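First up is the structure itself, then whatever we jot down about it.
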Amino acid sequence: MTYQETKNYVSLFSSILIFGAYCLYLFQKYNEEILDSTATLSFWGGSILILILVSIVANIVITIVFIIIYRITTNEEEPAFADELDKLIELKAIKISHYVFLLGFLLAMSSLAMDMPLSVTFILLIFSGFLAQLGNIVTQLYHYRKGV
Amino acid sequence: MGKCMITNNIRRLRFERDEMTQQQLADKVGVSRQAILSIEKGNYSPSLELAFRIAQVFGVTLEEVFTYEGEPD
């Protein structure tokens, strides 16, 4: 398995792990707090910001650990640049993740239009962000394995 | 994803050049081993520039490395 494929498997695993753990934490916190409409907005706004921050930091740490382990186990260095294949696959993956997020965004707006609770809108937005990220990784894995 | 109409002889050419590894070829043409692997398997058609660089490394013409197998219109 090449560096790119292994990296994507690690990203897939870490994304699910980080998001799963954060959802558990958020679910507990949500159940502990009784929210009026203003507090709901600030609760979800803060939650999304924390999720973004946690994801960035965790991904940086996981990537560094992965590079070290990969180098030790395979004696191969990670590619220092993205070549034309990497760029092409990345573009395709970004396109898919944009479509997925757009779909989630439309669903979130539909929930607002149908007078559903604000929490539903934010949950849909968070999940569409997560699914967009998964879509990105799975698309990259697919193209690295099956070709472009 | 359509069937790749371009076949190549990279595997054979590497073998004839003292069993050059995919990584060595990748380093010489400035791409990752993943790209060479995908080209060799016919999963990816390289850009014209990369195709020329590969041919240049082996010291042969482009046609000796890549062959187009599609039917002319």
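Since we're looking at a predicted model, the values are computed, not measured. Each chain gets a letter, A, B and so on, in the order its sequence line appears, and its residues count up from 1.
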Do [X] and [Y] sit in the same hydrophobic cluster, where Ile, Leu, Val, Met, Phe, Trp and Tyr count as joined when their side-chain heavy atoms come under 4.5 Å apart?
{"X": "A/L102", "Y": "A/I94", "value": "no"}
{"X": "A/L124", "Y": "A/F101", "value": "no"}
{"X": "A/F127", "Y": "A/L49", "value": "no"}
{"X": "A/I72", "Y": "A/I67", "value": "yes"}
{"X": "A/Y25", "Y": "A/F43", "value": "yes"}

Examine whether an atom of [X] lies under 4.5 Å from a heavy atom of chain A, and if so say whether it belongs to the side chain, the backbone or both; otherwise answer neither.
{"X": "B/S38", "value": "side chain"}
{"X": "B/I39", "value": "neither"}
{"X": "B/Q23", "value": "side chain"}

### Message
With a 4.5 angstrom heavy-atom cut-off, is it the side chain or the backbone of A/L88 that approaches chain B, or both, or neither?
### Response
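For A/L88, the side chain is the part near chain B, not the backbone.
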### Message
Within the structure provided, determine whether A/Y144 and B/N43 are in side-chain contact (heavy-atom separation under 4.5 Å).
### Response
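Result no, sub-4.5 Å side-chain heavy-atom pair not found.
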### Query
Is A/L85 close to B/V31 at the side-chain level, that is, under 4.5 Å between some pair of heavy atoms?
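A side-chain contact under 4.5 Å is absent here.
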### A/Y22, OH: over 12 other non-hydrogen atoms inside 6.0 angstrom
yes
## Note on the structure
Nearest heavy-atom contact between B/S32 and A/Q4 is OG-NE2, 3.3 Å
#### Entry: Shortest non-hydrogen contact from A/E5 toward B/Q34
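In this case the closest contact between A/E5 and B/Q34 is OE2-OE1, 3.7 Å.
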